[in-house]
Structures are given as structure tokens and as C-alpha cells.
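This report refers to the structure that appears directly beneath it.
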Amino acid sequence: MDPLFVNCLVLLFCSVLYFYKVVFLRRNRCCYMLAYECYKGPEVRKLDSETCAKIVMRNKNLGLEEYRFLLKTIVNSGIGEETYGPENIIAGQEESPTFKDSLSELDDIIFNTLDKLFDRSGVSPSEIDILVINVSLFSPAPSLTARVINRYKMREDIKAFNLSGMGCSASVVSIDLVQHLFKTYSNALAVVVSTESIGPNWYCGKEKSMILSNCLFRSGGCSMLLTNNVALKHRAILKLDYILRTHIGSTDEAYGCCIKVEDELGYAGFLLTKSLSKCASKALTMNLRLLIPNVLPLRELIRYVFVSYRRNKSKSPSPEGSGVGFNLKTGVDHFCIHPGGRAVIDGIGKSLGLSDYDLEPARMALHRFGNTSAGGLWYVLGYMEAKKRLKKNDRILMISLGAGFKCNNCVWKVMRDLKDCNVWEDSIDCYPPKVLANSFMEKYSWINDEYLSFAGLKALL
């Protein structure tokens, strides 16, 4: 056979293969969000200040100093009086949670959001190709994914993944997993469920660094429907532009700054050390250094290089609050920050040079729903949508931090104007409130009275 002819065939084959990879395989790499549904608990499970006080007072291991610490923490947490707690906690069974309580809590959140998700999207459970559930603190057998498959009678060939121990940033981990699976499975539909098991993990001891989790975490979660089918692009609300995960758990300080342990009395709970903020800042900085070049326009990158050169040459310090030094608003329109606590939100806002307007969604989500762990980002997104902030082609930066320690961030592009009031429907008109003061201080400020130091607190309760 003529060598020239053979070479031409080889060249043609390589060209066709390259065209296939570039055009057809790239089509499967897209990730669209079709819908999402956040959980809103019933009225009987709201944690107002009276209910919180009853739960706190039930802990017989606490002394006067611990009560004062709790009062200060609750007042300064940024959490309001309409968050939701697990049924067993409100019923006074926090010291003896049962396996049934754990399943009941998650069934309520998972099935409630999935029922609404399937109804809203018009997609049948039998059409789902990929199912990912992330719950950090509860991993039964059969798995939670198996429980969902059994409830909705899903297909035998569904690809199911059950993630545990991934912390508050697990939602982005799940989306990253789905995005990688989309590279293999074409025209697929995926469901991601992000929530947390609060009831059986309530801390009943007296260590201040472990009591914090009781003050911040609340019941909540979200179910999302994703696809890489470009034929469904017109139905999408968001498109995933970029995602990046950073894990600094190789250092002992980062690994142990947010960890579940037992105290001296044998009570299990989450230990939050003083190095948490330091590790969070380090992980966020490392993540943004890699993410920013893929998000911001070239003109901003050039400006940063020029300004950095001049600053280094003159040896002048960076201005306070300049953070990474970039103007993120040149490439990002909205900031969806994990509502882990007021200090977390304010710290990220200061380091990135964000305004009160930028931080408002995270602060309001924390106030209305509390820290719902991996589901928290979606309450922030829901606030933006309910306020009609999200317009076509806007870009949203999601920032999530979690135990490990890790920082997982992603950027979404808004596919059309969004204006659904979702779980914020009954309260969005009241937000943002003029003041975020917690009435706990007004009702229980007597704990700070000096005479209590000389009197028996238990006798007064």
C-alpha cells in the first residue's frame, strides 16, 4: 500500500478522533442545575429563645460560667428565633437519642425536599442516573442512598454514592463528584442531597469549645437536580463554570481544628479550636490563588500584577481589608458564603473586601435558618433569588469551608432571571430586619448579675 495513502488515513483518523474529543466529549463536561429545593421545618420545631433556654437549662453539667458563655455566644451568633431543631432535642431526649430518631430526622429532610424537587421539575425518580447523598455524622446500613432508591423505586443501574465525614463543604464535594461522572455518562440526570444529622450529635457536656456547635447548628438541607444534557439547557437555572477543592488536612493543626471527640466526661461533640480561623484563612487563600485566574478577566489580572510590582518596589504594606488583592467584583456578581457563623461571614467579607450588600444573603440565611452545615449555601442562594437579585449571565461565587480542613469553592453562571421565593416566601418581605439583636439577652440578661456568683445558680432555676 502506498505509504502516502497510509499516512493520509492515519492523519484523517487522528483528525476525526480529535474532533470527537473536542466537540462531543466536551458536550458531556457541562453541568447544569435544573432545580433545587431547601428544607423548611414545621412551626412546632422552631427554636425561639424560650425553647433554647429550656434546652440549655436541662444540661445539669453546666455551671454559672458556662451559662454566661452560652448567653454571650447565642446573642453574638447572628442567629434569630425562627430556626429549626430536631424533634428529639425539642422533646428533651438529647442525652439518649435512638437510631429511630436519627432515621426519622433525615427521612423528614431528604424525602420532603426530594418530593418537592421531583414535583417542581417534572422529572420522575426512574429517570435519575446518578444519586449522591452527603451526611457527615450519620452513615447507616443499608446506606441513605439505598433508602432513597427503595423509597422511590429507582432503576437498578443507578450510580449511587453515599458521602460521610465531609463536613460543611460537602455539598460542593458532591457537585464536583457529579461533574466528574458527567465526563463518563452522557445525557445524564443527577440528584444531590446535602444535609446533616443534628439530633444524635447534640453535645451534652460542659466544654466551652464544644458547646459552640449547639449554638450554631440547626436542622436543614437541600436537594438539587443536575444534568449534562444540552437539550435541557433551556430549562436550566444555573451552569457550573468552575469548581476547585483545596484540602490542607496534611497538617495536624488543620486536621484537628474542627474535629469530633469525647470530653473528659465521655460526652461526644465537635471541638472547635482557636486555630480554626487561621486554618480557614489559609485554606481560602490557597483556593482563591488557583481559582481567581480562571474567574477574573485579563484586565484585572494585569492590574493586580502592576499594583503588586509597584507595592513591592516601594515596600509599602497592603491596605487593610484588601484580602487577596484582587477586585473579585470584576468577574463575580454575587457572593454565596457558607453561613457558618457571624465571625466566619465577617472574616471572609473583610479579607475579600466585600460590602454589606455582598454579605447580606449569608447573614440573613444565618439569622433565619442558622448553620445548616452542607445545606447552608443553598439557603443563601435562595435568599438572592427571592430578592430577585439573580439576573441572566450573572456569576455567583460559592465559598464553603469544612472540617478536614478544606475549602471548596465553585462559580455558577445564571442562565435566566430568577425570582422564585422558595423557602423564603413567608419571610422575605421582613428581610433584612432593621436590627439583628437577639432577644435572648433581654430575657436572660439576669445570668450576668454579679450576685449570682455568690448564690447557687441551680437553686434559682
Side-chain angles (χ1 to χ4, degrees), residues 29-38 120-121 171-172 175-176 178-179 192 194 222 224-228 230 232-244 284 287-288 291-301 303-304 323-324 326-339 345 348-349 351-366 368 375-400 408-425 428-429 431-432:
R29 293 179 183 176
C30 60
C31 179
Y32 297 103
M33 177 173 290
L34 299 179
Y36 69 99
E37 284 290 340
C38 292
R120 170 192 289 265
S121 64
S171 185
V172 179
I175 292 172
D176 184 49
V178 168
Q179 185 198 35
V192 171
S194 294
C222 181
M224 297 146 267
L225 179 62
L226 307 166
T227 186
N228 62 343
V230 293
L232 299 176
K233 179 180 178 180
H234 67 285
R235 294 175 52 186
I237 59 173
L238 301 174
K239 179 184 179 183
L240 185 63
D241 267 0
Y242 196 79
I243 192 167
L244 183 68
L284 177 61
N287 183 283
L288 290 179
L291 183 137
I292 281 174
N294 295 279
V295 174
L296 299 189
L298 180 61
R299 67 178 185 277
E300 174 60 19
L301 301 179
R303 184 203 65 82
Y304 172 74
V324 292
F326 292 97
N327 181 5
L328 295 179
K329 296 181 183 179
T330 59
V332 176
D333 300 288
H334 309 282
F335 297 86
C336 191
I337 301 170
H338 167 59
I345 298 170
I348 293 177
S351 66
L352 300 185
L354 304 182
S355 66
D356 287 340
Y357 178 86
D358 299 322
L359 300 178
E360 180 185 310
R363 287 171 173 166
M364 298 308 105
L366 176 67
R368 175 64 180 85
L377 286 172
W378 308 101
Y379 291 96
V380 181
L381 181 70
Y383 181 87
M384 296 177 184
E385 183 176 1
K387 283 292 184 181
K388 299 179 175 58
R389 291 188 178 188
L390 304 180
K391 306 300 181 181
K392 185 177 180 180
N393 294 324
D394 282 357
R395 301 180 86 193
I396 306 166
L397 172 60
M398 283 190 169
I399 300 176
S400 66
N408 302 320
N409 300 341
C410 62
V411 178
W412 296 91
K413 178 181 177 181
V414 181
M415 300 300 290
R416 51 187 168 87
D417 292 355
L418 302 180
K419 52 185 178 181
D420 183 16
C421 289
N422 49 75
V423 289
W424 288 91
E425 184 175 11
I428 193 62
D429 292 336
Y431 280 87

Checklist outcome for this item: In short, Leu366 meets Pro339 closest at the heavy-atom pair CD1-O, 3.4 Å
Checklist entry - How about Arg416 and Ile237: do any of their side-chain heavy atoms sit closer than 4.5 Å? => result yes
Checklist entry - With the threshold set at 4.0 Å, does a side-chain nitrogen-carboxylate oxygen contact exist between Lys329 and Asp358? => result yes
Checklist entry - Given the rule in the side chain to side chain contact (heavy atoms under 4.5 Å, CB included) test, do Arg395 and Val295 qualify, once you have shown the distances and angles that lead to the verdict? => result CA-CA 9 Å; Arg395 301 180 86 193; Val295 174; 4.0 Å; yes
Item to check | Neighbour count >12 (heavy atoms, 6.0 Å) for atom NZ, Lys387 | outcome: yes
Checklist entry - Given side chains that start at C-beta, do those of Leu328 and Phe335 come closer than 4.5 Å, heavy atoms only? => result yes
Next on the checklist: Would you compute the distance between atom NZ of Lys233 and atom OG1 of Thr227 and round it to the nearest 0.5 angstrom?
Outcome noted: 13.0 Å
Checklist entry - Closest heavy-atom contact between Asn287 and Asn409? => result OD1-ND2, 2.9 Å
Checklist outcome for this item: Taken to the nearest 0.5 Å, the spacing of Asn422 CG from Tyr36 OH works out to 4.5 Å
Next on the checklist: Tell me whether Asp417 contacts the main-chain N or O of Lys392 through its side chain, where contact means a donor paired with an acceptor under 3.5 Å.
Outcome noted: yes
Checklist entry - Is any side-chain heavy atom of Pro293 closer than 4.5 Å to a side-chain heavy atom of Tyr304? => result no
Checklist entry - Under a 4.5 Å cut-off applied to non-hydrogen side-chain atoms, are Ser400 and Val172 in contact? => result yes
Item to check | Rounded distance [0.5 Å steps], SG in Cys336 versus CG in Leu397 | outcome: 8.5 Å
Checklist entry - Is Phe326 close to Leu301 at the side-chain level, that is, under 4.5 Å between some pair of heavy atoms? => result yes
Checklist entry - Looking at CG of Leu225 and CZ of Arg235, how far apart are the two atoms once the value is rounded to the nearest 0.5 Å? => result 8.0 Å
Next on the checklist: Can you give me the closest heavy-atom contact between Leu359 and Gly349, atom names plus distance?
Outcome noted: CD2-CA, 3.7 Å
Next on the checklist: For the NZ atom on Lys419, are there more than 12 heavy atoms of other groups (residues, nucleotides or ligands in this structure) within a distance under 6.0 Å?
Outcome noted: no
Checklist outcome for this item: CG of Asp429 to SG of Cys421, rounded to nearest 0.5 Å, is 7.5 Å
Checklist entry - Given the rule in the side chain to side chain contact (heavy atoms under 4.5 Å, CB included) test, do Ser171 and Met398 qualify, once you have shown the distances and angles that lead to the verdict? => result CA-CA 11 Å; Ser171 185; Met398 283 190 169; over 6 Å; no
Checklist entry - Distance-only, no hydrogens or angles: does the Glu300 side chain make a donor-acceptor pair with backbone N or O of Asn327 under 3.5 Å? => result yes
Checklist entry - Ion pair present between Glu360 and Arg363, side-chain N to carboxylate O less than 4.0 angstrom? => result no
Checklist entry - Can you find a pair of side-chain heavy atoms, one from Lys413 and one from Leu238, that are under 4.5 Å apart? => result no
Checklist outcome for this item: Output for pair (Asn408 CG, His338 NE2), nearest 0.5 Å, gives 11.5 Å
Next on the checklist: Between Asp333 and Arg389 (salt bridge meaning N to carboxylate O under 4.0 Å), is one present in this structure?
Outcome noted: no
Next on the checklist: Looking at every heavy atom in both Tyr379 and Trp424, which two are closest together, and how far apart are they?
Outcome noted: O-NE1, 3.1 Å
Checklist outcome for this item: Scanning both residues in full, the closest heavy-atom pair of Trp412 with Leu240 reads CE3-N, 3.5 Å
Checklist entry - Without hydrogens or angle criteria, can the side chains of Trp378 and Ser194 be said to hold a donor-acceptor pair below 3.5 Å? => result no
Item to check | Nearest heavy-atom neighbours spanning Val423 and Cys38 | outcome: CG1-O, 3.2 Å
